[in-house]
Enquirer: 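Let me give you the structure first, and then I'll get to my questions.
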Amino acid sequence: MKVALVNPPWSFEGSVYLGCREPHLPLELGYAKALLERAGHEAALLDAHARGVDLVALRAEVAALRPDMTAIATAPSYLSWRCPPPELRVPMATAAALRGHGGLLVAVGPHGSSTPRAALRKLGVDVVILGECEEILVRLAGTPESRFWQIPSIAYRRNGVDHVQGGPHAVSPRALPPLRWDDATIARHLHHHNRFDAVPEGPGAELEASRGCPSRGASRAREGLLDRFRRRPLEAVLDELDGLLAQGVRYVYFIDERFLPDRHLLEALRARDVVFGVQLRIDGWSREMLDLLGRAGCVSIEAGVEGPPREAGGAPARRRSASAEELTALLVHARRSVPFVQANLRRSIDDDGDGDPDATEAWRQRLLGLGVWANEPAPAFPYPGSRAYAARWGAPDDGAWERAHAHYIAEHRRLGDLQDSRPLPLSELEHGAR
């Protein structure tokens with residue numbers, strides 16, 4: 001079978017999306033391409049976002065390929081699966097443009113994973129994959145439509161009836177081979193994600209050392225989808241890294257939900273000519289391992305923090321593992337060997353706006369004074385399927401994204417210093433996209 005793997009031409013006007021808007025390597029589509037080719041299929045990855053290709057040109061490329069199946073991503077990359085744009089405007093327009101040209105249309109991403117029926121209806125695709133898509137795409141490519149009932153973790157419509165089969169799929173990282181990107185893809189990838197220590201020179205890349213998170217987050221869209229922690233084999237990570245270095249990459253960003261202390265990986269990185277960035281929980285690292293992290297070449301740490309932990313005498317929303325003083329000391333220690341350390345402050349969804357903004361701002365100013373960058377905190381979005389959504393509304397239904405989005409923009413008049421404009425209602429964003 002011939003398969004097209006499409007990363008749409010993303011735009012974010014009017015969105016509450018607070019993630020990075022630069023193109024990133026679409027790792028999930030890269031893995032899918034490798035597994036499809038291993039199974040004997042022909043696969044082409046069309047990254048319209050990275051190449052600046054509009055829908056007219058993308059449709060022409062897909063039509064020229066004449067694929068039997070086309071997969072369309074509903075988030076820009078795995079890096080944004082935990083905090084995707086809530087609206088489906090761009091994937092809807094992409095599906096509409098490719099209908100009749102791409103064969104069987106399949107949607108992959110966090111939207112269909114949490115609300116499969118709504119994704120089927122909005123996107124007008126033939127199949128939606130729940131959870132991690134790489135292995136399921138191979139199953140779809142090797143199965144006639146009449147036997148789709150045998151495939152888990154998909155939703156599809158047959159004879160006017162929506163069928164949802166199983167829950168979100170989780171891939172074993174041992175099934176994912178080291179990725180290889182063509183030279184043109186790497187050459188155009190000049191973005192160095194979350195790097196601020198120097199003017200970037202040459203290409204950057206994204207890399208995955210583990211998948212999932214060892215603890216539950218309140219508001220992640222990946223909650224319940226990609227939350228089972230799994231490490232990739234070290235040899236696969238290093239093989240992929242060495243391939244990137246051979247293509248001129250000197251900076252990589254580990255997209256892991258939480259980069260954990262791993263002495264073997266850090267020693268291997270230290271032996272290579274590479275610098276890198278990570279996101280982590282600072283209270284999961286000892287001072288010794290933070291020192292090794294710096295010596296290994298880390299130049300950027302993004303440490304997620306949901307407001308200042310409340311000390312004894314306060315009424316904590318939930319048990320926390322470290323005090324404000326302990327977190328501050330670890331962040332400052334990390335800054336001694338890592339050029340850029342960020343405390344990524346988020347308003348706790350548990351506080352629902354009744355936390356102490358003065359205490360948060362005082363802690364932020366203190367961190368800034370100590371050389372640790374700290375953003376003005378933005379409220380967490382209650383993604384359907386997350387604990388934050390469930391606590392307020394229960395299990396997500398077909399109107400979950402609209403409900404969460406309307407609540408979010410109504411309750412939060414100020415969305416922090418990462419939002420450049422007031423977001424539009426979801427219905428307005430998606431109107432006319434199909």
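In this text the structure is predicted, and so the values were computed from the model without any measurement.
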Enquirer: Listed by chain and number, what are the ring-ring contact (aromatic ring centres under 6.0 Å, His included) partners of Trp393, not counting sequence neighbours?
Expert: Tyr389, His407
Enquirer: Using the ring-ring contact (aromatic ring centres under 6.0 Å, His included) criterion, which residues pair with Phe254? Sequence neighbours excluded.
Expert: Phe259, Phe276
Enquirer: Quick check: do Asn194 and Gln342 have side-chain heavy atoms less than 4.5 Å from each other?
Expert: yes
Enquirer: Any Lys/Arg nitrogen of Glu132 or Arg211 sitting under 4.0 Å from an Asp/Glu carboxylate oxygen of the other?
Expert: yes
Enquirer: Parallel, tilted or perpendicular: which describes the rings of His192 and Tyr251, with under 30° parallel and over 60° perpendicular?
Expert: parallel
Enquirer: side-chain hydrogen bond (donor to acceptor under 3.5 Å, both in side chains) with Asp54: which residues, sequence neighbours excluded?
Expert: none
Enquirer: Of the non-hydrogen atoms in Val299 and Val338, which two are nearest, and what is the gap between them?
Expert: C-CG1, 3.6 Å
Enquirer: Under the rule for ring-ring contact (aromatic ring centres under 6.0 Å, His included), what residues qualify as partners of His191, not counting sequence neighbours?
Expert: His24, His193
Enquirer: For Ser153, enumerate each residue passing the side-chain hydrogen bond (donor to acceptor under 3.5 Å, both in side chains) test, keeping only those at least two apart in sequence or located in another chain.
Expert: none
Enquirer: Is the shortest heavy-atom distance from the side chain of Ile154 to the side chain of His169 under 4.5 Å?
Expert: no
Enquirer: Looking only at atom types and distance, does a side-chain atom of Arg59 sit under 3.5 Å from a main-chain N or O of Ala63, one as donor and one as acceptor?
Expert: no
Enquirer: Please tabulate, for side-chain N and O atoms in residues 33-40, each donor-acceptor pair with protein atoms closer than 3.5 Å (sequence neighbours left out).
Expert:
unit_1	atom_1	unit_2	atom_2	d
Lys33	NZ	Glu37	OE2	2.7

Enquirer: Regarding Asp398 and Arg117, does a basic nitrogen lie under 4.0 Å from an acidic carboxylate oxygen?
Expert: no
Enquirer: Looking at Arg89, Arg121, Lys122, which hits salt bridge (charged side-chain N to carboxylate O under 4.0 Å, His left out) with Glu430?
Expert: Lys122
Enquirer: Does the pair Leu265 and Leu238 meet the rule for a side chain to side chain contact (heavy atoms under 4.5 Å, CB included), with working shown?
Expert: CA-CA 8 Å; Leu265 174 58; Leu238 296 179; 4.2 Å; yes
Enquirer: Are any non-hydrogen side-chain atoms of Tyr156 and Trp149 less than 4.5 angstrom apart?
Expert: yes
Enquirer: Please enumerate all residues that pass salt bridge (Lys or Arg N to Asp or Glu O under 4.0 Å) together with Arg336, with sequence neighbours excluded.
Expert: none
Enquirer: Hey, which of Val237, Ile255, Val274 is the one that makes side chain to side chain contact (heavy atoms under 4.5 Å, CB included) with Leu207?
Expert: Val237
Enquirer: Given side-chain hydrogen bond (donor to acceptor under 3.5 Å, both in side chains), test Glu208 with Tyr31 step by step and report yes or no.
Expert: CA-CA 11 Å; Glu208 188 176 38; Tyr31 291 130; 3.0 Å; yes
Enquirer: Backbone N or O of Asp242 within a donor-acceptor pair of the Arg272 side chain at under 3.5 Å?
Expert: no
Enquirer: With sequence neighbours excluded, tell me which residues meet salt bridge (Lys or Arg N to Asp or Glu O under 4.0 Å) with Arg403.
Expert: Asp397
Enquirer: If you look only at pairs with a residue in residues 189-201, which of them pass as a salt bridge (Lys or Arg N to Asp or Glu O under 4.0 Å), with sequence neighbours excluded?
Expert: Arg195-Asp197
Enquirer: Any idea which heavy atoms bring Cys133 and Glu28 closest together, and the distance?
Expert: SG-CB, 4.2 Å
Enquirer: With a 3.5 Å distance limit and no angle check, can you tell me whether Ser113 reaches the backbone of Gly131 through a side-chain donor-acceptor pair?
Expert: yes
Enquirer: Quick one: list whatever passes side-chain hydrogen bond (donor to acceptor under 3.5 Å, both in side chains) with Asn7, sequence neighbours left out.
Expert: Trp10, Asp47
Enquirer: List for me each residue that meets ring-ring contact (aromatic ring centres under 6.0 Å, His included) alongside His189, sequence neighbours excluded, and say none if there are none.
Expert: none
Enquirer: Are Tyr253 and Cys20 close enough that some pair of their side-chain heavy atoms sits under 4.5 Å apart?
Expert: no
Enquirer: Could you tell me whether the side chain of Leu367 reaches within less than 4.5 Å of the side chain of Val332, counting heavy atoms only?
Expert: no
Enquirer: Considering residues at least two apart in sequence or located in another chain, which fulfil the side-chain hydrogen bond (donor to acceptor under 3.5 Å, both in side chains) criterion with Arg270?
Expert: none
Enquirer: If every non-hydrogen atom of Glu135 is compared with every non-hydrogen atom of Ala170, which pair is closest and at what distance?
Expert: OE1-O, 4.4 Å
Enquirer: For a 4.5 angstrom cut-off between non-hydrogen side-chain atoms, does Pro152 reach Leu130?
Expert: no
Enquirer: Judged by modelled atom types alone, do Glu87 and Ser15 share a side-chain donor-acceptor pair under 3.5 Å?
Expert: yes
Enquirer: Quick check against the 3.5 Å criterion: does Gln165 have a side-chain atom that pairs as donor or acceptor with the backbone of Phe148?
Expert: yes
Enquirer: Do Asp283 and Leu327 come within less than 4.5 Å of each other through their side chains, counting heavy atoms only?
Expert: yes
Enquirer: Has Gln279 got a side-chain atom pairing as donor or acceptor with Asp256's backbone, closer than 3.5 angstrom?
Expert: yes
Enquirer: Would you tell me whether Asp68 and His41 have side-chain atoms, one donor and one acceptor, within less than 3.5 Å of each other?
Expert: no
Enquirer: Could you check if a side-chain atom of Phe196 sits within less than 4.5 angstrom of a side-chain atom of Trp373, using non-hydrogen atoms only?
Expert: no
